[in-house]
Amino acid sequence: MFLFGLQSCNTSIPNEPDAVAAAVVKSLLLGDITQAKAFATSDIARMIDSDGLQNLMNEAELVKDMDIELDHMSDVSSDGAIKNVHFIMRKGDYSCRLRITMVDENGKWLFSNIQHR
């Protein structure tokens, strides 16, 4: 497990589902929707371009100023092309979970969903 804070997004992100998911979270922490969109599937990118930008900004507000820790990664599909990357978010006594669904599209890991609870 690792813990990360605010740092600038690195353009040389390893093409691994957990590394790309962490880059998405870092982008949201920084409020950099353009960077987050670069890691999105085409469907999510189109949604961000239309009415989904406000939803993504709301997600970003939820994680702002929180410590984010990678919890675990799980396979969603039997071929390993879809994975859920789970994070634990903490601020003071409050904690919640963040799940980012990652999809292997033509050899590139992209996010297709973000959920918090």
Side-chain angles (χ1 to χ4, degrees):
M1 288 198 271
F2 65 91
L3 187 68
F4 60 88
L6 282 175
Q7 298 173 357
S8 63
C9 293
N10 184 346
T11 56
S12 61
I13 306 296
N15 187 30
E16 298 293 331
D18 54 342
V20 175
V24 170
V25 173
K26 287 179 185 178
S27 297
L28 293 175
L29 285 168
L30 294 169
D32 189 346
I33 299 305
T34 302
Q35 182 70 20
K37 185 178 159 186
F39 299 115
T41 61
S42 57
D43 288 343
I44 296 299
R46 278 192 300 276
M47 183 191 79
I48 292 169
D49 284 339
S50 62
D51 61 352
L53 182 59
Q54 187 59 49
N55 289 336
L56 195 55
M57 290 305 293
N58 291 342
E59 295 287 335
E61 279 300 312
L62 291 172
V63 298
K64 209 172 205 175
D65 300 325
M66 296 187 86
D67 292 323
I68 311 290
E69 179 182 341
L70 177 65
D71 185 31
H72 68 282
M73 189 166 47
S74 59
D75 285 328
V76 175
S77 63
S78 60
D79 64 357
I82 303 173
K83 297 182 183 290
N84 281 329
V85 182
H86 302 263
F87 295 92
I88 299 173
M89 305 182 312
R90 293 186 177 93
K91 183 175 183 176
D93 292 336
Y94 175 77
S95 70
C96 62
R97 296 186 177 276
L98 182 71
R99 182 181 77 203
I100 300 181
T101 302
M102 303 298 298
V103 179
D104 182 347
E105 283 193 358
N106 301 317
K108 184 175 179 183
W109 285 101
L110 303 170
F111 82 95
S112 66
N113 192 17
I114 298 175
Q115 290 186 327
H116 61 87
R117 50 185 165 87

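For this chain, numbers begin at 1 and follow the sequence in order. Note that the structure is a prediction, hence the values are computed from the model and not measured. What's counted below: heavy atoms across the whole structure, side chains too, no hydrogens, waters or symmetry copies.
The two residues I100 and A21 make their nearest non-hydrogen contact at CD1-O, 3.7 Å. When every heavy atom of A23 is checked against every heavy atom of I13, the shortest pair comes out as CB-CD1, 3.9 Å. M89 approaches I68 most closely through the heavy-atom pair CG-CD1, 3.3 Å. Between S95 and R90 the shortest heavy-atom distance is CB-CG, 3.8 Å. Taking all atoms of both residues into account, the shortest heavy-atom contact from A40 to A45 is CB-N, 4.0 Å. Closest non-hydrogen pair, F39 versus S27, comes out as CE1-OG, 4.3 Å.
By the salt bridge (Lys or Arg N to Asp or Glu O under 4.0 Å) test, D104 is found to be paired with no residue, residues two or more places apart in sequence or in another chain being considered. Applying the salt bridge (Lys or Arg N to Asp or Glu O under 4.0 Å) criterion to R97, with sequence neighbours excluded, gives D71. With sequence neighbours left out, the side chain to side chain donor-acceptor pair (under 3.5 Å) criterion links D79 to S77. The side chain to side chain donor-acceptor pair (under 3.5 Å) test applied to S74 returns H86, not counting sequence neighbours. When the side chain to side chain contact (heavy atoms under 4.5 Å, CB included) test is applied to S112, the partners found at least two apart in sequence or on another chain are T41, T101, V103. The side chain to side chain donor-acceptor pair (under 3.5 Å) test applied to D43 returns R46, not counting sequence neighbours.
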Task: side chain to side chain contact (heavy atoms under 4.5 Å, CB included) assessment of V20 paired with L110 - done: CA-CA 7 Å; V20 175; L110 303 170; 5.8 Å; no
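Here the NE2 atom belonging to H72 is positioned 8.0 Å from the CG atom belonging to N84, to the nearest 0.5 angstrom. We find the CE-CD1 distance between M66 and I88 to be 11.0 Å, quoted to the nearest 0.5 Å. Atom-to-atom distance recorded for M73:CE and F87:CZ is 9.5 Å, nearest 0.5 angstrom.
There is no path of hydrophobic side-chain contacts, each under 4.5 Å, that joins I82 to W109.
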